[in-house]
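Here's the structure we're looking at; comments come further down.
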Amino acid sequence: MVAIARYLNVTLIVPELDKTSFWADPSEFQDIFDVDHFIMSLRDEVRILKELPPRLKRRVELGVTHTMAPISWSDISYYHNQILPLIQQYKVVHLNRTDARLANNGQPMEIQKLRCRVNFGALKFTPQIEELGRKVVRILRQEGPFMVLHLRYEMDMLAFSGCTQGCKQEEVEELTRMRYAYPWWKEKIINSDLKRRDGLCPLTPEETALTLRALDIDPSIQVYIAAGEIYGGERRMASLAAAYPNLVRKETLLESSELRFFQNHSSQMAALDYLVSLESDIFVPTYDGNMAKVVEGHRRYLGYKKTILLDRKHLVDLIDQHNAGSLTWDEFSTAVKEAHAERMGNPTKRLVIQDRPKEEDYFYSNPWECLEPSYEDELTSSSM
């Protein structure tokens, strides 16, 4: 939205966050981000206000405004040709859904550079979140190297994805009831086995343990779990805890009084995990959700820090073969290593799929236009 406002030469109002999601997080934008830093750091690019001026606020109160959701993955010219005339007509246009509304590829280089400047510079967490994040990292560093495992195995993730591998029958029924209870979630009937085979499910904790062992991740490394409450609790975490006994999370590293302010504010808890994820020696997401993608891109921006991008479709096939006895441990481990040799966050260009932008690599997971050394330099040196 900053890039779009800059391109259209219009004023941007500090964003409002969606409060109708499953998490019911009451956080405002300014509860998560340092708003003054956001506005000041972009003052040479775009005019940003904390709220509408009185006369325009009055127009909104009277309903003399226009609300709409922009078309996803649109070229910047769409905003010039379709949105700008609406702003000129109504003076205020409320864009009520703004995720993934600008195309990943084919945009002017200055637009791409500005998107990076916003993501990696202008968006800074509040001092309170930053301070607590630094404390967690300091505690971890005192004990040596640490890996962040973004283990997307919370109840809502499983309910809405329909992924129930390893769940008990009563758990499957509970997750199904939850999915049907939310009318805005349109996909109701889901074949969990088929979805898993297509690589569309988060890895289970058991699958994750096998994968990390196969990649020869040191079993003594600290593993920071960046996630909410794991569905199935200790039963589902048992194999991971046996393989990697140094499992920690923010709740075990900090006093409960330090986290009290963040309780029931999932976005602020996620911001804390985000900061720890950036600083980790290794980052491993078990699902490619929004946070995982942005952390991946941010770690590339910070110097291609090691980020293991799991090929879930290939992995579950190998795991099933190993569990069935058709692959020995050594064969399984070798195959897993070979499949991920070039999936460690190394320089590469985004995947572009014409007419299927949702299947492309997201801009913010690999903003190669903004990275140093440049993609072309890396490619040249690695091919020599």
Side-chain angles (χ1 to χ4, degrees), residues 22-23 25 27 32 125-126 128-159 166 202-213 215 217-296 298-299 305-308 310:
F22 161 79
W23 299 277
D25 185 344
S27 298
I32 302 168
F125 295 122
T126 63
Q128 185 179 19
I129 294 173
E130 293 270 345
E131 183 181 346
L132 205 53
R134 284 193 294 270
K135 181 171 183 177
V136 173
V137 171
R138 194 163 58 245
I139 293 170
L140 289 164
R141 282 269 171 253
Q142 287 170 354
E143 300 298 323
F146 70 96
M147 173 175 73
V148 167
L149 182 61
H150 191 223
L151 189 63
R152 286 307 320 273
Y153 213 74
E154 302 96 339
M155 184 180 185
D156 62 291
M157 178 72 217
L158 303 184
L203 290 188
T204 68
E206 297 88 352
E207 291 167 343
T208 303
L210 276 175
T211 300
L212 296 178
R213 285 178 53 213
L215 289 168
I217 300 295
D218 185 348
S220 67
I221 195 171
Q222 298 174 96
V223 179
Y224 177 94
I225 304 295
E229 184 177 349
I230 302 303
Y231 191 66
E234 291 184 9
R235 177 180 71 87
R236 298 308 302 270
M237 291 294 286
S239 58
L240 186 60
Y244 293 90
N246 290 331
L247 291 181
V248 296
R249 49 195 309 150
K250 51 190 171 293
E251 292 85 355
T252 63
L253 297 174
L254 297 169
E255 299 292 335
S256 57
S257 59
E258 294 176 289
L259 284 171
R260 189 176 299 125
F261 179 80
F262 299 92
Q263 295 299 331
N264 302 317
H265 293 79
S266 57
S267 296
Q268 294 177 55
M269 292 287 242
L272 195 56
D273 283 341
Y274 185 98
L275 289 171
V276 180
S277 299
L278 285 188
E279 295 297 326
S280 63
D281 297 284
I282 308 171
F283 176 65
V284 184
T286 60
Y287 187 73
D288 55 353
N290 286 332
M291 176 167 159
K293 287 181 174 129
V294 180
V295 170
E296 176 194 343
H298 207 153
R299 286 174 66 85
K305 300 173 80 169
K306 187 172 183 179
T307 302
I308 303 177
L310 301 176

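Computed over heavy atoms, backbone and side chain alike; hydrogens, waters and symmetry mates excluded.
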field: Pairing residues for A271 by the side-chain contact (heavy atoms from CB on, under 4.5 Å) criterion, not counting sequence neighbours
entry: I32, F125, I129
field: Partner set under side chain to side chain donor-acceptor pair (under 3.5 Å) for Q222, not counting sequence neighbours
entry: none
field: Partners meeting side-chain contact (heavy atoms from CB on, under 4.5 Å) with V294 (sequence neighbours left out)
entry: Y274, Y364
message: According to salt bridge (Lys or Arg N to Asp or Glu O under 4.0 Å), who are the partners of D281, at least two apart in sequence or on a separate chain?
response: R141
statement: Hits for ring pair (Phe, Tyr, Trp, His ring centres under 6.0 Å) against F146, two or more places apart or cross-chain, chain-then-number order -> none
field: Any side-chain donor near an acceptor of the partner, R299 and S280, under 3.5 Å
entry: yes
message: I need the full list of salt bridge (Lys or Arg N to Asp or Glu O under 4.0 Å) pairs touching residues 252-261, with sequence neighbours left out, sorted by first then second residue.
response: K135-E258
query: Rounded to the nearest 0.5 Å, what separation is found between the OG1 atom of T126 and the CD atom of Q268?
result: 6.5 Å
Side-chain touch L259/L272, heavy atoms, less than 4.5 angstrom: yes
field: Inter-residue atom distance I308.CD1 - L215.CG, 0.5 Å rounding
entry: 5.5 Å
message: So does Q263 get a backbone contact from the side chain of H265, meaning a donor-acceptor N/O pair under 3.5 Å?
response: yes
- line: Applying side-chain contact (heavy atoms from CB on, under 4.5 Å) to E131 and not counting sequence neighbours gives R134
Check residues 223-233 and write down every donor-acceptor pair under 3.5 Å in which the side-chain atom is one partner and the other belongs to a residue at least two apart or another chain.
residue: Y224; atom: OH; partner: D273; partner atom: OD1; Å: 2.6
residue: Y231; atom: OH; partner: E174; partner atom: OE1; Å: 2.4

Scan the side chains in residues 234-247 for donor-acceptor partners under 3.5 Å anywhere in the protein, sequence neighbours excluded, and list what turns up.
residue: R235; atom: NH2; partner: E171; partner atom: OE1; Å: 2.8
residue: R235; atom: NH2; partner: E171; partner atom: OE2; Å: 3.2
residue: R236; atom: NE; partner: E206; partner atom: OE2; Å: 2.8
residue: R236; atom: NH1; partner: Y153; partner atom: OH; Å: 3.1
residue: R236; atom: NH1; partner: G166; partner atom: O; Å: 3.3
residue: R236; atom: NH2; partner: Y153; partner atom: OH; Å: 3.2
residue: R236; atom: NH2; partner: Q165; partner atom: O; Å: 3.1
residue: R236; atom: NH2; partner: E206; partner atom: OE1; Å: 2.9
residue: Y244; atom: OH; partner: L212; partner atom: O; Å: 3.2
residue: Y244; atom: OH; partner: R213; partner atom: N; Å: 3.3
residue: Y244; atom: OH; partner: I217; partner atom: O; Å: 2.9
residue: N246; atom: ND2; partner: S220; partner atom: O; Å: 2.7

- prompt: Does R152 offer a backbone N or O that forms a donor-acceptor pair with the side chain of T286 under 3.5 Å?
  reply: yes
S267: side chain to side chain donor-acceptor pair (under 3.5 Å) partners, not counting sequence neighbours: D25
- prompt: Any side-chain heavy atom of V148 sitting closer than 4.5 Å to one from E279?
  reply: no
Validation row: L140, L253 side chains within 4.5 angstrom (heavy atoms): yes
message: If the condition is side-chain contact (heavy atoms from CB on, under 4.5 Å), which residues does T252 pass it with, not counting sequence neighbours?
response: V248, R249
field: Sub-4.5 Å side-chain heavy-atom contact between S277 and H150
entry: no
message: So, taking the atom named CG in L151 and the one named OH in Y287, what distance separates them when rounded to the nearest 0.5 Å?
response: 14.0 Å
task: Identify, with sequence neighbours excluded, every residue that meets salt bridge (Lys or Arg N to Asp or Glu O under 4.0 Å) alongside R138.
output: none
